[in-house]
Amino acid sequence: MFFRLRLFRSIRCFLPSSFYRPSAVCFCYSSRDNMSLKKKVCVVGSGNWGSTIAKIIGHNVVKHSEQFETQVSMWVFEEMINGRKLTEIINETHENVKYLPNHKLPENVIAIPDVVEAAKDADILIFVIPHQFITRICDQLVGKIKANAFGLSLIKGFLPVPGGGIELISHAINAKLNIPISVLMGANLAPEVADEKFCETTIGAASQDEGNILRDIIQTHYFRVVVVNDVEAVEMCGALKNIVACGAGFVDGLGYGDNTKAAVIRLGLMEMIKFAELFYPGSKLATFFESCGVADLITTCYGGRNRRVSEAFVKSKKSIAELEKEMLNGQQLQGPATAEEVNFMLKSKGIEDKFPLFTAIHRICLGELAPEQMIDCIRNHPEHM
Ligand SMILES: NC(=O)C1=CN([C@@H]2O[C@H](COP(=O)(O)OP(=O)(O)OC[C@H]3O[C@@H](n4cnc5c(N)ncnc54)[C@H](O)[C@@H]3O)[C@@H](O)[C@H]2O)C=CC1
Ligand SMILES: O=C(CO)COP(=O)(O)O
């Protein structure tokens, strides 16, 4: 208890009062006004996480068929697998043999190679693609979706904006498509979720009604949802933890132990909180204790792709891009790109020194700094001054 109090006090030192005020994080679930017609869902994406979430949604729309159309469209970036189109394979075998092999998708999930066709009748759009591709996809959807649709983004990352800033993916989608966007982030390594191993997740909901509906299409007995209203903080946690995961991978590659990794996780968390304080004032500290915060940080720093490739980067001396190709079979890393996006903003504001861990990780990914130097960086972290 005493320890918890001290930890909270030390976090408070650099937080504005709005950040730690006691707040009712959770919505109360009540009204379903104007939300009674059956809704059609489209999953925009079909990678490792996209296919996993399509599996969950496919089952849930049948379970809640009074609320949802039972056919779910899933946009698939078309590619050839052994001379056959991936969409054809998915629609015949109900398996995404490339991105989620050995897991059956429900038969009501229909793979569609044209994103406009997939999304045109949808009331709910689930965006789940590597963040590098979201701008191009949104450009194709402008003016082609239902005016009263709403969205849920599972995408972790930021987008650079001209002039030195970055924006949240949910803001970018909202700006292009003019629909409200909620977010879902959590300690959710896709292979474990696909295996139906118990986990939790966090939905940052744009409104109470949308939060209720989204929970119904996402929650299962093994995938428990907490809905909060702190949308920006939820999304920011999901994006930033991928940078820290690269740092955890460097620690593993260097042969340091769990204590060192714990230091990277803790200092990474402090930089995440500081980032929220500076750029998303009004974010709630309580959100960092949801699945999207500390829990996602821990799971990714032990079991994620960013950690795995970053460990190999230190051991093999190959570039991150080479390793991504060799190790991930088409899946995409988010951490190094996110580190670059965040650095783009920190540099433009002249505050790289306030985020030494994020900065060191970015420079190591670029090959400008030796991985060993990350240890000096954390040894001299402002948290210890
Ligand atoms: N995989 C995981 O465990 C989790 C992933 N996420 C997040 O979900 C988002 C999507 O991740 P995944 O589904 O795992 O994707 P992934 O890492 O499996 O990426 C592969 C996907 O990208 C698509 N793709 C390749 N080139 C493309 C292009 N030029 N244009 C459009 N799409 C293209 C592929 O068709 C495939 O669907 C990311 O932001 C990730 O951080 C979040 C939680 C868990
Ligand atoms: O975001 C994730 C788990 O919540 C997945 O992390 P990786 O992309 O590092 O595998």
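Just so you know, ligand 1 is whichever comes first in the structure, and atom 1 is the first atom listed for that ligand. Keep in mind it's a predicted model, so treat the numbers as computed, not measured.
- Of all protein heavy atoms, the one closest to atom 10 (C) of ligand 1 is Ile129 C, 3.5 Å.
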Test side chain to side chain contact (heavy atoms under 4.5 Å, CB included) applied to Val251 and Met374, step by step: CA-CA 9 Å; Val251 167; Met374 190 180 75; 3.6 Å; yes
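- In summary, the atoms of ligand 1 found under 4.0 Å from a heavy atom of Trp75, numbered by their order in the structure, are 31 (C).
- Annotation: cation-pi pair Lys261/Tyr302 present, NZ/CZ under 6.0 Å from the ring centroid and within 45° of its normal.
- Salt bridge annotation for Glu326-Lys318: present, with a cationic side-chain nitrogen under 4.0 angstrom from a carboxylate oxygen.
- Counted by atom type alone, Thr70 and Asn108 present zero donor-acceptor pairs between their side chains at under 3.5 Å.
- Looking at Met74, Arg305, Glu324, Gln334 and measuring to atom 1 (N) of ligand 1, the nearest heavy atom belongs to Arg305.
- Remark: the Thr359 side chain and the Glu352 side chain contain no N/O donor-acceptor pair separated by less than 3.5 Å.
- For ligand 1, the atoms sitting less than 4.0 Å from at least one non-hydrogen atom of Leu189 are 3 (O), numbered in the order shown with element in parentheses.
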Please produce the table of protein N or O atoms sitting under 3.5 Å from N or O atoms belonging to ligand 2, one pair a line, distance to 0.1 Å.
residue, atom, partner, partner atom, Å
ligand 2, 1 (O), Lys156, NZ, 2.7
ligand 2, 1 (O), Lys241, NZ, 2.7
ligand 2, 4 (O), Lys156, NZ, 3.0
ligand 2, 4 (O), Gly186, O, 2.9
ligand 2, 4 (O), Asn188, N, 3.1
ligand 2, 4 (O), Asp296, OD1, 2.7
ligand 2, 6 (O), Lys241, NZ, 3.3
ligand 2, 8 (O), Arg305, NE, 3.2
ligand 2, 8 (O), Arg305, NH2, 3.0
ligand 2, 8 (O), Asn306, ND2, 3.3
ligand 2, 9 (O), Arg305, N, 3.1
ligand 2, 9 (O), Asn306, N, 3.0
ligand 2, 9 (O), Asn306, ND2, 2.8
ligand 2, 10 (O), Arg305, N, 2.7
ligand 2, 10 (O), Arg305, NE, 3.1

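- What sits closest to atom 35 (O) of ligand 1 on the protein, heavy atoms only, is Phe77 CB, 3.3 Å.
- Against a heavy-atom cut-off of under 4.0 Å, Glu79 is close to the following atoms of ligand 1: 35 (O).
- Defined by atom type and a distance below 3.5 Å, a donor-acceptor pair is present between the side-chain atoms of Glu78 and Thr87.
- At least one N/O-N/O distance between Lys156 and ligand 1 falls below 3.5 Å.
- Using a distance-only test at 3.5 Å, with no hydrogens or angles considered, a donor-acceptor pair links the side chain of Glu271 to the main chain of Phe358.
- Between Asn96 and His103, the side chains place no donor N or O within less than 3.5 Å of an acceptor N or O (distance only, hydrogens not considered).
- Residue-ligand proximity, Ile155 to ligand 1, at heavy-atom distances under 4.0 Å covers atoms 39 (O).
- Residue Gly47 has at least one nitrogen or oxygen atom sitting less than 3.5 Å from a nitrogen or oxygen atom of ligand 1, judged on distance alone.
- Look at Gly157 and you'll find every heavy atom at least 4.0 Å from all atoms of ligand 1.
- In this structure, a donor-acceptor pair under 3.5 Å is absent between the side chains of Lys156 and Asn306.
- Closest to atom 19 (O) of ligand 1 among all protein heavy atoms lies Pro130 CG, 3.3 Å.
- Near Ser46, with a cut-off below 4.0 Å to any heavy atom, the atoms of ligand 1 are 37 (O).
- Side-chain contact of Gln67 with Asp216: a donor-acceptor pair under 3.5 Å is present, judged by distance alone.
- When only non-hydrogen protein atoms are considered, atom 34 (C) of ligand 1 lies nearest to Tyr99 OH, 3.5 Å.
- Remark: minimum distance from atom 7 (C) of ligand 1 to any protein heavy atom is reached at Leu154 O, 3.6 Å.
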Hey, can you pull the donor-acceptor pairs under 3.5 Å for the side chains in residues 133-152, sequence neighbours left out?
residue, atom, partner, partner atom, Å
Asp139, OD1, Lys176, NZ, 2.6
Lys146, NZ, Asp123, OD1, 2.9

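- The shortest N or O to N or O distance between Ala190 and ligand 1 is under 3.5 Å.
- No donor-acceptor pair closer than 3.5 Å links the side chain of Thr202 to the backbone N or O of Glu290.
- What sits closest to atom 18 (O) of ligand 1 on the protein, heavy atoms only, is Asn48 N, 2.9 Å.
- Atom CG of Asp195 is surrounded by more than 12 heavy atoms from other residues, nucleotides or ligands within 6.0 Å.
- For atom 12 (P) of ligand 1, the closest non-hydrogen atom of the protein is Trp49 N, 3.5 Å.
- The ligand atoms of ligand 1 that sit less than 4.0 angstrom from a heavy atom of Asn188 are 3 (O), 43 (C), 44 (C).
- Using modelled atom types, no side-chain atom of Ser51 and backbone atom of Asn48 make a donor-acceptor pair closer than 3.5 Å.
- Heavy atoms of other residues, nucleotides or ligands lying less than 6.0 angstrom from CD of Glu368 number more than 12.
- For the pair Gly50 and ligand 1, the shortest N or O to N or O distance falls below 3.5 Å.
- In terms of protein heavy atoms, atom 30 (N) of ligand 1 is closest to Phe133 CG, 3.4 Å.
- A side-chain N or O of Glu341 and one of His131 form a donor-acceptor pair less than 3.5 Å apart.
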